[in-house]
Amino acid sequence: MPELPEVETVRRGLAPVMEGAVVQRLELRRADLRFPFPDGLAQTAKGRRIVSLGRRAKYLLLDLDDGTVIIMHLGMSGSFRIIGDEVAAPGEFHHTRSRLAAHDHVVFHLLGGDGSAAQVVYNDPRRFGFMLTSRRDALEDHKLFAGMGVEPAGNAFNAEELALRFSGKQAPLKAALLDQRIIAGLGNIYVCEALWRSQLSPRRKAGTLVRKKGAPTQRLVRLVDSIRDVISEAIEVGGSSLRDHAQADGSLGYFQHRFAAYDRVGQPCAHVGCDGTIARIVQSGRSTFYCPACQR
DNA sequence: CCTTGAACCTGGGCGC
DNA sequence: TGCGCCCAGGTTCAAG
């Protein structure tokens with residue numbers, strides 16, 4: 001479930017439980033996810049207080065009080081859930097704590113500042129996710145973050161900035177927007193949605209949105225606005241929940257109900273005055289959904 | 001530089 | 001009911 005809005009939703013769900021809590025134990029239930037866990041990860045985290053849970057692009061950043069940062073990526077199928085140790089309400093069964101399921105690979109056993117215990121469980125069937133560590137003061141130089149593109153929800157993201165990065169690019173817009181070295185955080189869904197909103201063809205060369213002198217075209221301004229809008233709207237409603245994928249608190253995101261292009265092959269294009277039909281093509285090995293009639 | 005294809009994994013959906 | 005195939009929110013690497 002993980003493009004930027006989903007990762008931000010996860011962050012907001014976990015932060016109240018994790019920030020300020022002490023890691024009593026970090027339980028690694030296998031030796032690796034996509035990569036092996038760093039040597040001594042469990043020992044490194046044990047007894048540390050969590051200073052903050054942040055996010056950069058699709059990465060979650062768990063800052064510990066000794067300057068260690070645990071970098072977490074959800075891959076394609078990663079998710080977190082919280083298990084509290086709340087006493088059952090009268091008349092209810094007491095939910096067994098630590099009811100673990102298949103593909104629960106990591107468990108943060110936490111003790112909150114108020115004395116409450118909680119467990120934060122990482123589940124990832126496909127195991128494309130990973131957890132690595134860095135020092136906070138070296139994070140910007142970390143291989144994963146050096147050369148990473150601009151945050152589409154951040155202040156530095158604007159048409160002038162994107163014009164610089166698109167200038168001279170022959171790559172199709174779809175590929176350019178998915179390139180994390182240009183913009184960091186967009187994935188297949190939100191790229192399709194942003195291109196549909198701005199009525200730009202996913203096949204158009206990125207460089208065609210930049211004027212000769214390097215200034216952004218009106219189309220590029222439209223694209224930037226669409227990206228900003230679609231990302232912020234998705235975050236507002238808790239991201240997309242595909243396959244009933246729940247957020248950390250068990251609730252579902254609702255943005256999938258607002259998809260205008262993604263996964264809507266054969267459905268009529270919703271742009272006013274357009275009688276086109278959403279089509280699916282494959283670009284760089286991934287599905288692109290768009291309206292051939294109005295996206296130019 | 002650019003593009004494609006494959007790889008890493010598991011599971012859901014669909015056609016037969 | 002089962003099997004085989006295709007597809008999936010991401011990233012990375014090799015090869016042309």
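Naming: A, B, ... by sequence-line order, numbering from 1 per chain. All values below come from the heavy atoms of this structure, side chains included, with hydrogens, waters and symmetry mates left out. Keep in mind it's a predicted model, so treat the numbers as computed, not measured.
- Going from the P atom of B/dG5 to that of C/dC6 covers 15 Å, rounded to whole Å.
- Atom-to-atom, CG of A/Asp179 to C1' of C/dT11 comes out at 11 Å; the value is rounded to the nearest Å.
- For C/dG9, one of the phosphate oxygens OP1 or OP2 lies less than 4.0 angstrom from a side-chain nitrogen or oxygen of A/Arg286.
- Distances shorter than 4.0 Å separate some side-chain N or O of A/Lys58 from OP1 or OP2 on C/dT11.
- Within a 6.0 Å sphere centred on CG of A/Asn155, heavy atoms belonging to other residues, nucleotides or ligands number 12 at most.
- Remark: the A/Ser240 side chain and the A/Tyr190 side chain contain an N/O donor-acceptor pair separated by less than 3.5 Å.
- Nucleotide C/dT11 holds its P atom 10 Å from the CE atom of A/Met76, rounded to whole Å.
- Distance A/Ile235 CD1 to C/dG9 C1': 15 Å, rounded to the nearest Å.
- A perpendicular orientation is assigned to the rings of A/Phe145 and A/Tyr59, their planes being inclined by more than 60° (bins at 30° and 60°).
- Atom OH of A/Tyr122 is separated from atom C1' of B/dT10 by 13 Å (rounded to the nearest Å).
- The distance from atom CG of A/Leu60 to atom CG of A/Leu74, rounded to the nearest 0.5 Å, is 5.5 Å.
- Under the side chain to side chain contact (heavy atoms under 4.5 Å, CB included) rule, A/Leu200 has a single partner from A/Gln295, A/Lys174, A/Arg219, which is A/Arg219.
- Comparing atom distances between the A/Ala171 side chain and each of C/dG9, C/dA8, B/dC2 picks out B/dC2 as nearest.
- Among the atoms of the strands shown, only primed sugar atoms or phosphate atoms (P, OP1, OP2) are found under 4.0 Å from some heavy atom of A/Gly187.
- Here A/Pro172 lies in heavy-atom contact (under 4.0 Å) with sugar-phosphate atoms only.
- Phosphate contact (OP1/OP2 of B/dG11, side-chain N/O of A/His103, threshold under 4.0 Å): present.
- A/Arg280 and A/Ser287 form a side-chain donor-acceptor contact under 3.5 Å, judged by distance and modelled atom types alone.
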Could you summarise the pairing of DNA chain C as dot-bracket text, marking Watson-Crick and G-U pairs under 3.5 Å with ( ) or [ ] inside the strand and | across strands?
.|||||||.|||||||

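- When heavy atoms are screened at a 4.0 angstrom cut-off, A/Gln283 is found touching no nucleic acid atom at all.
- For the 3.5 Å distance criterion, the side chains of A/Ser52 and A/Glu19 fail to qualify, holding no donor opposite an acceptor.
- For the P atoms, the distance linking B/dA6 with C/dC5 amounts to 16 Å, nearest Å.
- Here C/dC7 presents its P atom at 12 Å from CG of A/Asp263, a figure rounded to the nearest Å.
- Ring pair A/Phe108/A/Phe80 is tilted by interplanar angle, where 30° to 60° counts as tilted.
- The stretch residues 125-134 of chain A comes close to DNA chain B through A/Pro125, A/Arg126, A/Arg127, A/Phe128, each having a heavy atom under 4.0 Å from the strand.
- Across the protein-nucleic acid pair, A/Arg34 atom CZ and C/dG10 atom P stand 12 Å apart, rounded to whole Å.
- At the phosphate of C/dG9, OP1 or OP2 sits under 4.0 Å from a side-chain N or O atom of A/Tyr262.
- If you take CG of A/Leu74 and C1' of B/dT10, they are 16 Å apart, rounded to a whole angstrom.
- A donor and an acceptor atom, one from each side chain of A/Arg203 and A/Tyr290, are located under 3.5 Å apart.
- A distance of about 23 Å separates the C1' atoms of C/dG9 and B/dT3, rounded to the whole Å.
- Atom CG in A/Leu173 sits about 15 Å away from atom C1' in B/dC2, given to the nearest Å.
- A/Thr68 and A/Arg48 share no side-chain donor-acceptor pair at under 3.5 Å.
- Considering only side-chain atoms of A/His73, the nucleotide from C/dC7, C/dT11, B/dC2 that sits closest is C/dT11.
- A/Ser77 and A/Asp124 are linked by a side-chain donor-acceptor pair at a separation below 3.5 angstrom, with hydrogens and angles left out of the test.
- Dashed line: the shortest gap from a side-chain N or O of A/Ser287 to OP1 or OP2 of C/dA8 is under 4.0 Å.
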